[in-house]
2 protein chains.
Amino acid sequence: MKSPSHPRDRGIPEATVARLPLYLRALHGMAERGIATVSSEDLATAAGVNSAKLRKDLSHLGSYGTRGVGYDVEYLVYQISRELGLTQDWAVAIVGVGNLGRALANYGGFVSRGFHVAAMFDADPDVVGDTIAGLNVEHIDALEAVIKRRGVSIVVLATPAAAAQEVCDRVVAAGVTSILNFAPVVLSVPGSVDVRKVDLSIELQILAFHEQRKAGGPLMAVDTQ
Amino acid sequence: MKSPSHPRDRGIPEATVARLPLYLRALHGMAERGIATVSSEDLATAAGVNSAKLRKDLSHLGSYGTRGVGYDVEYLVYQISRELGLTQDWAVAIVGVGNLGRALANYGGFVSRGFHVAAMFDADPDVVGDTIAGLNVEHIDALEAVIKRRGVSIVVLATPAAAAQEVCDRVVAAGVTSILNFAPVVLSVPGSVDVRKVDLSIELQILAFHEQRKAGGPLMAVDTQ
DNA sequence: ATCCCTTTGTGAACCGATGCACAAAGTAGG
DNA sequence: CCTACTTTGTGCATCGGTTCACAAAGGGAT
Ligand SMILES: NC(=O)c1ccc[n+]([C@@H]2O[C@H](COP(=O)([O-])OP(=O)(O)OC[C@H]3O[C@@H](n4cnc5c(N)ncnc54)[C@H](O)[C@@H]3O)[C@@H](O)[C@H]2O)c1
Ligand SMILES: NC(=O)c1ccc[n+]([C@@H]2O[C@H](COP(=O)([O-])OP(=O)(O)OC[C@H]3O[C@@H](n4cnc5c(N)ncnc54)[C@H](O)[C@@H]3O)[C@@H](O)[C@H]2O)c1
């Protein structure tokens with residue numbers, strides 16, 4: 001760090017942010033196996049990326065490596081966790097407790113680090129009042145009140161597609177600015193709200209596209225003309 | 001089409017492929033509502049993208065629009081479906097019938113167009129033999145035989161992380177070249193195999209990153225030095 | 001203290017994707 | 001047939017991201 005430029009620039013590329021969780025997961029595995037330091041080469045392999053990319057990604061957080069040695073695993077875990085905001089525990093709410101919502105609620109894995117399910121909501125009277133993974137399912141009418149009271153800042157949307165936009169609007173109105181959407185609809189939200197989507201059917205269609213190419217590829221030089 | 005270049009170039013950009021399912025979904029909705037033609041502007045809005053991007057995407061498939069009018073909805077549905085390989089019905093197998101595997105199996109939505117669940121596998125004797133969504137759960141030992149017999153070409157992996165790579169190897173050995181992975185591991189596969197991953201915890205971490213920025217952003221100009 | 005070896009951090013070239021802006025192509029109406 | 005209007009398809013500038021390749025930095029040995 002000589003003179004100009006920022007040592008740790010605020011403004012990490014989006015592509016880098018999307019990979020940090022991958023590095024973090026690999027590092028956790030290494031820490032558990034008692035590995036103290038790791039080279040960019042080894043960490044990159046474990047995370048399934050190329051080592052130049054990994055080094056550039058980490059360089060956006062700061063100069064946390066030691067030349068000739070590598071990165072201290074514990075220290076890097078801490079730095080990435082801090083950067084991702086995982087040093088605090090985020091309260092997540094699940095809206096729509098059907099097939100998928102239940103699976104998510106029962107999923108131990110994502111409670112692991114940095115997140116916990118703080119509330120669950122449904123509109124169906126048969127479902128409201130059920131206890132799932134030790135938590136009571138609230139009625140959707142209580143959405144605003146419960147979100148405020150329990151400090152929910154991330155909402156997982158697992159309602160049918162038809163209800164998603166309406167529920168989304170209420171969630172946003174309640175002050176939530178981060179949404180993970182499983183319903184197959186394009187949600188319309190204010191610019192200040194982040195929506196990420198998980199869409200099974202899109203993923204399958206992309207796979208089908210490539211599968212078709214593989215099948216027909218080499219032989220299928222048949223032009224339509 | 002004057003002289004050089006391909007009218008319909010094989011080699012559609014990956015980013016375009018990932019959006020085609022979005023357009024298709026919007027078009028299906030319009031077809032159901034009886035809309036016969038649609039402009040790039042309207043279709044783009046429905047799909048949540050910008051219209052120049054949509055037109056460029058569609059131009060990779062061919063010149064299917066009419067200037068001054070727009071695109072014929074039915075025709076475009078057919079062309080995109082064909083391009084994505086949805087004019088055939090793909091046999092999908094689900095491996096790992098736990099919380100998530102069950103939710104996926106019971107999910108009607110993805111059977112809808114172009115895909116059907118042709119087999120389900122698990123290693124747990126208590127689960128094998130169960131009937132879920134009208135289909136018998138097979139033992140994982142029968143993987144290779146059943147995959148061949150039923151012509152499975154896409155596998156959805158929903159086993160615990162620890163088992164994922166081993167199952168993946170068997171699936172690949174059985175000739176499958178398209179995998180949708182829900183387990184939080186980096187799968188290692190030959191280059192000819194396509195793997196797409198769905199990772200809840202990565203999505204949440206990305207949301208947490210941005211949420212943290214929003215919270216501390218404007219005020220948090222505190223430098224660590 | 002010097003030399004050799006390893007590995008980081010980054011400048012620079014490259015590549016694919018995005019979005020603007022407009023000519024070309026079509027419709028509709030007189 | 002000609003004019004006015006609409007909307008596509010694309011050339012081009014730009015941007016963000018990836019990859020290469022190497023100078024600089026540090027550790028360890030002698
Ligand atoms: N199940 C899957 O594997 C899967 C996969 C991909 C996508 N999805 C999508 O995820 C969503 C949920 O899928 P599912 O299989 O769990 O459906 P589901 O029908 O089993 O569950 C939906 C739940 O949402 C509740 N609900 C309906 N309207 C509501 C409202 N206004 N407010 C609150 N709750 C409401 C229903 O009572 C029901 O319990 C759907 O949009 C589906 O397309 C599911
Ligand atoms: N449940 C969720 O919401 C969720 C969300 C994100 C990711 N995931 C991931 O999806 C995977 C499945 O999650 P889950 O909650 O359904 O777990 P689960 O434990 O409920 O189910 C896993 C199933 O896989 C079976 N299995 C184990 N080893 C197997 C093998 N070698 N061959 C075949 N089957 C085998 C088990 O018998 C079990 O039925 C996990 O990797 C989890 O991390 C789950």
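Keep in mind that the numbers below use all heavy atoms, side chains included, and drop hydrogens, waters and symmetry copies. So that the names make sense, note that chain A is the first sequence line, chain B the second, and so on, each numbered from 1. Owing to the predicted nature of the structure, the values given are computational and were not obtained by experimental measurement.
- Remark: B/Glu83 engages A/Arg213 in a salt bridge, criterion side-chain N to carboxylate O under 4.0 Å.
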For a side chain to side chain donor-acceptor pair (under 3.5 Å) check, start with the C-alpha distance between B/Arg82 and B/Thr87, then their side-chain angles and the critical distance, and finish with the verdict. CA-CA 5 Å; B/Arg82 195 178 45 73; B/Thr87 46; over 6 Å; no
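- Applying the salt bridge (charged side-chain N to carboxylate O under 4.0 Å, His left out) test to A/Glu144 and every residue at least two apart in sequence or in another chain returns A/Arg170.
- The separation between B/Arg19 atom CZ and C/dG16 atom P is 15 Å, rounded to whole Å.
- Shown here are the ring pair (Phe, Tyr, Trp, His ring centres under 6.0 Å) partners of A/Tyr75, two or more places apart in sequence or in another chain: A/Tyr64.
- Under the salt bridge (charged side-chain N to carboxylate O under 4.0 Å, His left out) criterion, A/Arg67 pairs with no residue, sequence neighbours left out.
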Can you list the steps and then say if B/Ser81 with B/Arg113 is a side chain to side chain donor-acceptor pair (under 3.5 Å)? CA-CA 9 Å; B/Ser81 297; B/Arg113 288 175 202 275; over 6 Å; no
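- For B/Leu43 and D/dT7, the CG to P distance is 14 Å, given to the nearest whole Å.
- Pairs of residues two or more places apart, or lying in two chains, that qualify as side chain to side chain donor-acceptor pair (under 3.5 Å) and include a residue from residues 155-168 of chain B are B/Gln165-B/Asp169.
- Axis deviation across the helix from C/dA1-D/dT30 to C/dG30-D/dC1 amounts to 0°, comparing end segments of five pairs, rounded to 10 degrees.
- The nearest whole Å value for the distance from the CG atom in A/Asp72 to the P atom in D/dG26 is 16 Å.
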Produce a footprint string for nucleotides 7-14 of chain C: one letter per nucleotide, 5' end first; B if the base is under 4.0 Å from any protein heavy atom, S if only the sugar-phosphate is, - if neither. BBBBBB--
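- The CG-P distance, from B/Leu20 to C/dA17, rounds to 13 Å in whole Å.
- Counting to the nearest Å, the P atom of C/dT18 and the NE2 atom of B/His60 are 10 Å from each other.
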Might you work through the side chain to side chain contact (heavy atoms under 4.5 Å, CB included) test for B/Leu180 and B/Leu157, ending with a clear yes or no? CA-CA 6 Å; B/Leu180 181 52; B/Leu157 258 185; over 6 Å; no
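- With rounding to whole Å, B/Glu14 atom CD is found 17 Å from D/dG17 atom P.
- Distance CG (B/Leu54) to P (D/dG9): 10 Å, rounded to an integer number of Å.
- Remark: P of C/dG19 and CG of B/Asp57 are 11 Å apart, rounded to the nearest angstrom.
- Contact annotation: the side chain of B/Leu20 never approaches that of A/Gln205 to less than 4.5 Å [non-hydrogen atoms, C-beta and beyond].
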